[in-house]
**Q** 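Once you've had a glance at the structure underneath, I'll fire off some questions.
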Amino acid sequence: MRATLERIHRDALAALEAARSEAEVEQLRIRFLGRKGELTEAVRGLRDVPKSDRPAVGAFLNDVKDDVERRIDSALGALRAAARDRQIAGERVDVTLPGRHHIPGHLHLISQTLDEMVDIFVGLGFSVAQGPDIEDDYHNFTALNVPADHPARDMQDTLFVGEEFLLRTHTSPVQIRVMEQCKPPLRVIAPGACYRHDDDVTHSPMFHQVEGFMVDRHVTFGDLKGVLTLALRRIFGDDTPLRFRASFFPFTEPSAEVDIGCVMCGGRASGCRVCKGTGWLEILGSGMIDPNVFEAVGYDPEAFSGFAFGLAVERVAMLKHQISDIRLFFANDIRFLRQF
Ligand code: PHE
């Protein structure tokens, strides 16, 4: 019996030595200590041991059982600790590594400028309207008193989309669309993109305008001057030199363009390439809405009068931030855009 116990003990120790996983160790617990385990069977075998030997053999058996039990527990403990160590090593975070930077984006300078301009006119009681970028010939030209073959169509180098449609060359067609839908009194602005076949330091094939117009029974050129002077002072500051200059647009009569003193060269006599040597930079066209336009939308030109203007957003941004080339806005150079 003692020899059998010693063999079982040796087997148990050797098997434990070889066990590589918790499952294997659990298997050994069953093999030696389970209900039909080798040591459990040995306990049952005690009754065949002569009574005189029983206490000594029993004590030896208990020692073997205790030893195997302890070793199984400690093998399990060691395997679990090793597993935990492996897991921790895998999840280790080096807290001394530099963090990952997330650079938040921001609105493009043109969007910022557009928002600022819209806010100013909304503050003056204007509401905001929008129209399509792809326009028909009628809204972009004909209804604005520019009939087919009118030489004024040459003023704006149009990008056509098929026979009938075009990329709007200005935001003025939104005047027509709003007046077709609504009755005066009206105070409306229409911010948006415009397109012309044009490309130099002050012209981009895609650019933005804020169209504005006001229609009521007694709107005068004085109202036009007052509203535009106030708005431009809010945009550029009270000291900026402004100049109203007589001009021509088919859809306004009389018409005026407004220039801002060139901030790039300070309006000095020799000028610079942005103001083309004049010391002034044109930023808007305006005038009293032509009676032919009122007739096109079914308003009585005897009963109503109004003014309209179209403000060039990129020009405003260039002047405010002393940017000398309009193409910088759309070159998508992050080093430029990040500055604003
Ligand atoms: N639509 C004109 C342009 O783009 C500007 C303008 C708008 C002029 C409204 C007069 C009235 O040049």
Side-chain angles (χ1 to χ4, degrees), residues 1-116 118-119 130 133 192-193 206 208 317 321 327-340:
M1 178 79 186
R2 188 176 264 275
T4 309
L5 288 174
E6 276 168 356
R7 185 197 44 77
I8 295 175
H9 195 196
R10 269 198 313 279
D11 286 357
L13 297 195
L16 261 176
E17 193 77 39
R20 286 283 163 267
S21 68
E22 287 181 45
E24 278 173 41
V25 175
E26 287 298 349
Q27 229 28 69
L28 293 179
R29 191 197 293 281
I30 294 165
R31 173 173 156 198
F32 290 102
L33 302 166
R35 232 158 24 85
K36 292 189 177 155
E38 293 183 32
L39 288 168
T40 316
E41 298 288 356
V43 173
R44 267 178 223 125
L46 266 185
R47 34 168 198 262
D48 305 327
V49 174
K51 215 171 179 149
S52 56
D53 289 348
R54 235 179 254 167
V57 175
F60 183 62
L61 173 58
N62 276 337
D63 287 348
V64 171
K65 265 184 71 176
D66 287 350
D67 187 50
V68 170
E69 227 158 48
R70 228 186 16 257
R71 284 173 192 265
I72 284 177
D73 286 344
S74 86
L76 274 180
L79 284 168
R80 286 194 185 124
R84 204 171 40 245
D85 286 351
R86 271 198 307 281
Q87 187 189 359
I88 288 169
E91 290 173 356
R92 191 164 154 268
V93 173
D94 183 352
V95 294
T96 66
L97 283 175
R100 288 197 195 112
H101 286 279
H102 295 280
I103 302 164
H106 63 76
L107 288 180
H108 192 282
L109 178 57
I110 294 304
S111 303
Q112 294 178 34
T113 310
L114 205 74
D115 286 354
E116 200 184 311
V118 168
D119 280 353
Q130 284 192 305
D133 286 25
M206 190 278 302
H208 297 81
H321 301 281
R327 293 168 294 199
L328 285 168
F329 291 125
F330 308 114
N332 280 339
D333 184 337
I334 201 79
R335 293 167 303 179
F336 170 77
L337 297 174
R338 258 196 208 134
Q339 297 174 61
F340 308 101

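Note that the numbering runs from 1 along the sequence shown for the chain. What's counted below: heavy atoms across the whole structure, side chains too, no hydrogens, waters or symmetry copies.
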**Q** For Glu41, look at atom CD and say whether over 12 heavy atoms of other residues, nucleotides or ligands are found less than 6.0 Å away.
**A**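 Yes, because the 6.0 Å sphere around CD of Glu41 holds more than 12 heavy atoms from other groups.
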**Q** Report the C-alpha separation of Arg80 and Asp85 in whole Å, then their side-chain angles, then the decisive distance to 0.1 Å, and conclude whether the salt bridge (Lys or Arg N to Asp or Glu O under 4.0 Å) test is met.
**A** CA-CA 9 Å; Arg80 286 194 185 124; Asp85 286 351; over 6 Å; no
**Q** Please work out whether the ring planes of Phe329 and His108 are parallel, tilted or perpendicular, with thresholds of 30° and 60°.
**A** tilted
**Q** Flag the pair His321 / Gln339 as yes when at least one side-chain heavy-atom distance between them is below 4.5 Å, and no otherwise.
**A** no
**Q** Working to the nearest 0.5 angstrom, can you tell me the gap between Thr4 OG1 and His9 NE2?
**A**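 The OG1 atom of Thr4 sits 14.5 Å away from the NE2 atom of His9.
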**Q** Inspect the contact between Glu38 and Arg31 and indicate whether a charged nitrogen and a carboxylate oxygen are less than 4.0 angstrom apart.
**A**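 A salt bridge is present here (some side-chain N lies under 4.0 Å from a carboxylate O).
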**Q** If you apply the rule side chain to side chain contact (heavy atoms under 4.5 Å, CB included), what do you find for Ile110 with His208, and how did you get there?
**A** CA-CA 8 Å; Ile110 294 304; His208 297 81; 3.5 Å; yes
**Q** If you look at every heavy atom in Leu16 and Ala75, which pair is closest and at what distance?
**A** CD2-CB, 4.0 Å
**Q** Any salt bridge between Asp333 and Arg338, counting N to O under 4.0 Å?
**A** no
**Q** Is there side-chain contact between Leu33 and Ile72, with at least one heavy-atom pair below 4.5 Å?
**A**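 They are in side-chain contact.
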**Q** Kindly indicate whether the side chain of Phe32, heavy atoms from C-beta on, has any atom under 4.5 Å from the side chain of Thr40.
**A** no
**Q** Measuring from His106:NE2 to Ser111:OG, what's the distance to the nearest 0.5 Å?
**A**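 Reported value, rounded in 0.5 Å steps: 10.5 Å.
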**Q** Under 4.0 Å between a side-chain nitrogen and a carboxylate oxygen: does that hold for Arg70 and Asp66?
**A**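 No, this pair does not count.
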**Q** Which distance, rounded to the nearest 0.5 Å, do you find between the CZ of Arg54 and the CG of Leu61?
**A**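 Here the interatomic distance stands at 12.5 Å.
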**Q** Do Leu5 and Leu39 come close enough that some side-chain heavy atom pair is under 4.5 Å?
**A** yes
**Q** Verify, without hydrogens or angle tests, whether Gln112 (side chain) and Leu107 (backbone) share a donor-acceptor contact under 3.5 angstrom.
**A**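 Present.
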**Q** Applying side chain to side chain contact (heavy atoms under 4.5 Å, CB included) to Asp53 and Met1, what does each step give before you reach the verdict?
**A** CA-CA 10 Å; Asp53 289 348; Met1 178 79 186; over 6 Å; no
**Q** Is there side-chain contact between Ile30 and Arg35, with at least one heavy-atom pair below 4.5 Å?
**A**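 Answer no - side chains too far apart.
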**Q** Go through the steps for Leu337 and Leu109 under the test side chain to side chain contact (heavy atoms under 4.5 Å, CB included), then give the verdict.
**A** CA-CA 7 Å; Leu337 297 174; Leu109 178 57; 5.8 Å; no
**Q** Does the side chain to side chain contact (heavy atoms under 4.5 Å, CB included) test come out yes or no for Arg29 and Asp73, once each step is laid out?
**A** CA-CA 9 Å; Arg29 191 197 293 281; Asp73 286 344; 3.3 Å; yes
**Q** Kindly give the heavy-atom pair with the smallest separation between Leu13 and Arg71, and that separation in Å.
**A**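 Where Leu13 meets Arg71 most closely, the heavy atoms are CD2-CD, 3.1 Å.
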**Q** Measure across Ala12 and Val68 and return the closest heavy-atom pair with its distance rounded to 0.1 Å.
**A** CB-CG2, 3.9 Å
**Q** In the structure I gave you, are the side-chain heavy atoms of Asp67 and Asp63 within less than 4.5 Å of one another anywhere?
**A**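 No, side chains not in contact.
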**Q** Write down the atom of Ala19, the atom of Glu24, and the distance for their closest heavy-atom approach.
**A**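 Closest heavy-atom pair between Ala19 and Glu24: CA-OE1, 3.3 Å.
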**Q** Check this for me: Glu17, atom CD, are more than 12 non-hydrogen atoms of other residues, nucleotides or ligands nearer than 6.0 Å?
**A** no
